[in-house]
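Only a predicted model underlies this, so the values are computations on that prediction, with no experimental measurement involved.
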Amino acid sequence: MNDTIGLKSNLCRLFDESVTNEEKFYLTLSKLKQFGGKLYKYYFFEDEWSLKNLGGDVIHFSKPQSFNDPFDCFLGFSISKALEMLLPTFIDKKLNFSSKDPKIKEIIKYLLSGQSTVDESKEAKLLSLVINLPCVRDALSKGEAYDPKNLQIKIMNELLTGESAKDFFDIIQSNGSNIDLTSIPNSAIYLTIIKPLLKQPNLINYLFPKEVSEQKKFEAQKLIDILAKENIVDKIKGLAELSGQDSKKIDKELHDIDANLKLVLRDIKEGINKSFAISCFSETPDNVLMWSHYGNKHTGFCVEYDFNKCKDLDALIRLFPVQYSENRPSIPASLFDLDDLKNIKVAVSNKCIPDLMMLLLSKSDVWQYEKEWRIIGDQAHLIDGHIQYLPIVSGIYAGANISDENLSKLICIAKDKKAKLHKYSLDNDKYKLNLEQI
């Protein structure tokens, strides 16, 4: 369950006010197919909500701050991540390149952050493809004499039959005007030249015409050296110096941004705990570790919820799979109002909801065995801020070590709800659970 791109796309559509409820309903049907429609929640009898939930056909929600994993739903922060988010705004407002070249800011934003408003033409894409062909890069980087006709044959063979053939045909067959290599825009030239230079800086002497001054070559090399740095702060400071800025002043501004962002991050965390509540489910009722952790050493019980019978559209809309990863999620730019870098604020907009949801659906991959799904509830719409009526119980599973007294309680509830009751037992030969119906 790690289709992050698909999940983000679904979130955007489901929380888009222009999408009709009918469309949202059909979107939820595709989610149900992912897990067969049935999810499971583990309980232990010592939990005051366990029997209340089962008997009252309700589910209990917890605030993010109460989770047992300290990383869960907790926003990570680093100045480097923040600067990556702020780069386009920072470059626009703090770095003055306009006197040298009006296009350079766009190129730098593209190269540093991958965010660009530069519209690459077919010609630019084709030039980028050709300039990155191994035969071309080899000829340029070595600086040795080569036969133009032989090189041309190699290029055409690679474009027509080699690994680059698919990209080549995608470019020439895409919609748009015919390719005219004489009309490549200056912005595209920057992109297609600088990107290969980042991989092989020594190409600079072969890609720049002889009539270009040594000063221009020096400035180009300086830019390449800056962009090749790994640390984003070093990149920012280098670009500031290159554009004639005072690096000490930039240092001070970065420090202020760091302090401001930490305050905003605190406000976001508090806002999340005041606004959202989460109820967790699993795709499986027989996970030994889940029974140990959430079923109090197999003495508790597990409830089966049939979401195919759920008539609460909001519950279905807010039900999503957890995304597991080794890396913590980055701070999304949509959560910040960046109009004034000296006074960064929390953004207030419905557009933030999908990004907030992604944060609440992200966990370390060490928990991947849980195969978890979550309903991300709005506290304002829940009973007392933490309860939701959900009459879709279809089965009950008793733990292998359940007491006779507690098993009797489950038998009574199962009869009342006309739900099937099963009990697990420990297998004598393997580390697995066996199931029998009571």
Evaluate side-chain contact (heavy atoms from CB on, under 4.5 Å) for L382 paired with F61, printing each intermediate quantity in order.
-> CA-CA 9 Å; L382 297 174; F61 287 74; 3.8 Å; yes

Test E304 against Y397 for side-chain hydrogen bond (donor to acceptor under 3.5 Å, both in side chains), laying out the working first.
-> CA-CA 8 Å; E304 177 184 273; Y397 299 80; 3.1 Å; yes

Kindly determine whether N327 and S325 satisfy side-chain hydrogen bond (donor to acceptor under 3.5 Å, both in side chains), including the steps that lead there.
-> CA-CA 5 Å; N327 300 314; S325 173; 4.7 Å; no

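With hydrogens and angles ignored, the 3.5 Å screen pairs no side-chain donor or acceptor of W373 with any backbone N or O of F35. Remark: side-chain polar atoms of E158 are not paired, donor with acceptor, to backbone N or O of C135 under 3.5 angstrom. Judged by distance alone, the side chain of Q379 and the main-chain N or O of N273 form a donor-acceptor pair under 3.5 Å.
When the side-chain contact (heavy atoms from CB on, under 4.5 Å) test is applied to T20, the partners found at least two apart in sequence or on another chain are E22, E23. For the ring pair (Phe, Tyr, Trp, His ring centres under 6.0 Å) test, residues two or more places apart in sequence or in another chain that qualify with Y43 are F301. A search for side-chain contact (heavy atoms from CB on, under 4.5 Å) contacts involving D384 returns H386, not counting sequence neighbours. Residues passing the side-chain contact (heavy atoms from CB on, under 4.5 Å) test with K252 are D256, sequence neighbours excluded. Listed by chain and residue number, F281 satisfy the ring pair (Phe, Tyr, Trp, His ring centres under 6.0 Å) test with Y305 (two or more places apart in sequence, or in another chain). Every side-chain contact (heavy atoms from CB on, under 4.5 Å) that E48 has, sequence neighbours left out, goes to K52.
The nearest pair of heavy atoms linking R374 to I278 is CD-CG2, 3.6 Å. Nearest heavy-atom pair, I375 versus I59, reported as atom, atom and distance to 0.1 Å: CD1-CD1, 3.9 Å.
Separation of atoms CH2 (W291) and CZ (F44) is listed at 13.0 Å; rounding is to 0.5 Å. In this structure, CD1 on I272 lies 13.0 Å from NZ on K63, to the nearest 0.5 angstrom.
Tested against V322, the residues K363, K371, E370 include a single side chain to side chain contact (heavy atoms under 4.5 Å, CB included) partner, K363.
A heavy-atom distance below 4.5 Å is not found between the side chains of L39 and S282. Using a 4.5 Å heavy-atom cutoff, the side chains of F320 and K31 are in contact. I317 has its side chain within reach of L313: a pair of non-hydrogen atoms, C-beta onward, lies under 4.5 Å apart.
In this structure, a donor-acceptor pair under 3.5 Å is absent between the side chains of Q388 and D314.
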